Amino acid sequence: MLVAKKPLTNLQIELLRLYAHQVDEKDLLQIKELIGQYFAKRLTQFADEAWAQNNWTDQDMEAILNDPNQ
């Protein structure tokens, strides 16, 4: 039997509450898509902030993307 060594996060608890209700497969797929969009938006915002903070140019980004060590 698996025993949780860490308490659940607030996100995990909220998702458990949501998934305690039966939803059809179509709704489940839409919920997953919404969650994915949310985190993609957050990642984009984080990247935009890093871009501005570091004064990166398009050339800098090309160098980062083409770095074989990445």
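All figures in this text were calculated on a predicted structure; none of them were measured in a lab.
- Annotation: side chain of Leu15 is in contact with side chain of Ile35 (closest heavy-atom distance under 4.5 Å).
- The backbone N or O of Ile64 lies less than 3.5 Å from no partner atom in the side chain of Asp67, so there is not a single donor-acceptor pair.
- Residue-environment remark: CD (Gln37) exceeds the threshold of 12 foreign heavy atoms within 6.0 Å.
- By the criterion of side-chain heavy atoms lying less than 4.5 angstrom apart, applied directly or through intervening Ile, Leu, Val, Met, Phe, Trp or Tyr residues, Leu18 is grouped together with Phe39 in one hydrophobic cluster.
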Distance-only donor-acceptor hits, side chain of residues 20-30, under 3.5 Å, sequence neighbours excluded:
from  : atom 1 : to    : atom 2 : distance (Å)
Asp24 : OD1    : Lys26 : N      : 3.2
Asp24 : OD1    : Asp27 : N      : 2.8

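- By the 4.5 Å heavy-atom criterion applied to side chains, Thr57 and Met61 are not counted as neighbours.
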Identify every side-chain donor-acceptor pair in residues 42-52 under 3.5 Å, counting partners at least two apart or on other chains, and give the distances.
from  : atom 1 : to    : atom 2 : distance (Å)
Arg42 : NH1    : Tyr38 : OH     : 3.0
Thr44 : OG1    : Ala40 : O      : 2.9
Trp51 : NE1    : Trp56 : O      : 3.0

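- Atom CG in Leu34 sits 7.5 Å away from atom CD1 in Ile31 (nearest 0.5 Å).
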